[in-house]
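Questions regarding the structure given below will be posed in turn.
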Amino acid sequence: PVADFEPGGSITQCAPISLGFVNRSETFGQPASYTWDFGNGGTGSTSATPQPVIYPVPNGYTVTLTVRSLGCESTVSKSITVKGPRGNLIADVLPGCKPYTLNMQVTGTNISSYAWDFNDGTPVTPSATNHTISHVYNLAGIYNPNVILRSPEGCSFTLRPANSVIVDSVKAIFTAD
């Protein structure tokens, strides 16, 4: 056999995308088995014509197809790139008392702007350079901040801390004897 495939749709879209694959393998009329690895950490497929695959995150992926027939094997791998900014959010989210200072930083590639949303009514203003922030929460509450990354090709991707920001207020209550 000779393994071959191509993406069944456009990979020029922004993440998340659903992408099918067209099997172009040659088995010369013989029965064959197929093993797909879509490079996304999923279970893959053993179908000659697999269902479309969801790629939720902008990144580079290596898709591999192995075809087995009559004791022989052929494997082909191809790279696909799902467009969009790629980033990691580093946030020191711990419960605290007001005023509470939250520090967050984005590291990544293909990022043209950062729009920080602190979930407290502070206006969201995109910035081309503001990848590190320090924000003060002056009111008690539970906040779910995020940052919206935008890539040069116009794709957006949102990052959130794993935990909510919990800001408490302390009230001293005492009675005189």
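Not measured: the values here are computed from a predicted model.
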Any D4 side-chain heavy atom under 4.5 Å of E26 side chain | no
Check against side chain to side chain contact (heavy atoms under 4.5 Å, CB included), T46 and S33 = CA-CA 7 Å; T46 57; S33 66; over 6 Å; no
When rounded to the nearest 0.5 angstrom, what is the spacing between OG in S169 and CG in N138?
-> 12.0 Å
Donor-acceptor pair, R150 side chain versus I148 backbone, under 3.5 Å?
-> no
If you take all heavy atoms of P56 and A15, which pair is closest and at what distance?
->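 Residues P56 and A15, closest heavy atoms: O-CB, 3.8 Å.
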Assess whether side chain to side chain contact (heavy atoms under 4.5 Å, CB included) is satisfied between T35 and L65, documenting all intermediate values.
-> CA-CA 6 Å; T35 304; L65 171 61; over 6 Å; no
Is V147 reachable from V124 through a run of hydrophobic residues whose side-chain heavy atoms are each under 4.5 Å from the next?
-> no
State, yes or no, whether a side-chain contact exists between P161 and P145 at a heavy-atom distance under 4.5 Å.
->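 Of all side-chain heavy-atom pairs linking P145 with P161, at least one is under 4.5 Å.
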Considering all heavy atoms, the nearest F21-V63 contact =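 Of all heavy-atom pairs spanning F21 and V63, the closest is CZ-CG2, 3.8 Å.
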What do you reckon, is CD of E6 surrounded by more than 12 foreign heavy atoms closer than 6.0 Å?
->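 For E6, atom CD is crowded (more than 12 foreign heavy atoms under 6.0 Å).
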Determine, using the 4.5 Å side-chain heavy-atom cutoff (strictly less than), whether I54 and F157 are members of one ILVMFWY cluster.
-> no
Indicate yes or no: does K83 engage E153 in a salt bridge with an N to O separation below 4.0 Å.
-> no
Nearest heavy atoms of L149 and G87, plus distance in Å |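 Nearest pair, atom of L149 first, then G87: CD1-CA, 4.1 Å.
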With a 4.5 Å limit on heavy-atom distance, are the side chains of N146 and L159 in contact?
-> no
Point-to-point distance, once rounded to the nearest 0.5 Å, from CG of N110 to CZ of R86 |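 Output value for this atom pair is 5.5 Å.
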Any side-chain donor paired with an acceptor under 3.5 Å for T107 and N88?
->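 There is no such pair between these side chains.
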All heavy atoms of S25 vs all of A3, minimum pair found to be OG-CA, 3.4 Å
Report the C-alpha separation of Y55 and Y61 in whole Å, then their side-chain angles, then the decisive distance to 0.1 Å, and conclude whether the ring-ring contact (aromatic ring centres under 6.0 Å, His included) test is met.
-> CA-CA 9 Å; Y55 290 95; Y61 299 91; 4.6 Å; yes
Quick one: does Y143's side chain get under 4.5 Å of Y137's, heavy atoms only?
-> yes
When hydrophobic residues are tied together by side-chain contacts of less than 4.5 Å, even through go-betweens, does L139 share a cluster with V93?
->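 L139 clusters together with V93.
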If a pair satisfies side chain to side chain donor-acceptor pair (under 3.5 Å) and one of its residues is in residues 112-131, list it, with sequence neighbours excluded.
-> D120-T122, D120-H135
Close side-chain approach of P1 to C72, heavy-atom, < 4.5 Å =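 They are in side-chain contact.
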Can you find a heavy atom in the side chain of I17 that is under 4.5 Å from one in the side chain of V82?
->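 Result yes, sub-4.5 Å side-chain heavy-atom pair found.
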Shortest non-hydrogen separation from R160 to L89 and the atoms involved |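 So the two residues come closest at C-CD2, 3.5 Å.
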Closest non-hydrogen atoms of P31 and S69, given as atom of the first, atom of the second and distance, are O-OG, 2.8 Å
When you check the side-chain N and O atoms of T64 and S77, is any donor under 3.5 Å from an acceptor?
->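 Their side chains do contain a donor-acceptor pair, which is all the 3.5 Å distance test asks for.
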Determine, using the 4.5 Å side-chain heavy-atom cutoff (strictly less than), whether V57 and I111 are members of one ILVMFWY cluster.
-> yes
Donor on one side chain, acceptor on other, S164 and N144, under 3.5 Å | yes
Backbone N or O of G96 within a donor-acceptor pair of the D168 side chain at under 3.5 Å?
->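 Here the side-chain-to-backbone pair does not exist.
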So, R68 versus S74: side-chain donor-acceptor pair below 3.5 Å or not?
-> no
Same apolar cluster: L94 and V167, side chain cutoff 4.5 Å | yes
Ring centroid separation for W36 and Y34, is it under 6.0 angstrom?
->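 No; Y34 has its ring centre 6.0 Å or more from that of W36.
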Over-ring placement of K78 relative to F5, 6.0 Å and 45° cut-offs =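 Yes, cation above the ring, under 6.0 Å and within 45°.
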Starting from the C-alpha separation in whole Å, work towards a yes-or-no answer on side chain to side chain contact (heavy atoms under 4.5 Å, CB included) for T66 and E73.
-> CA-CA 7 Å; T66 301; E73 179 176 294; 3.5 Å; yes
Min side-chain heavy-atom separation N103-I133 under 4.5 Å | no
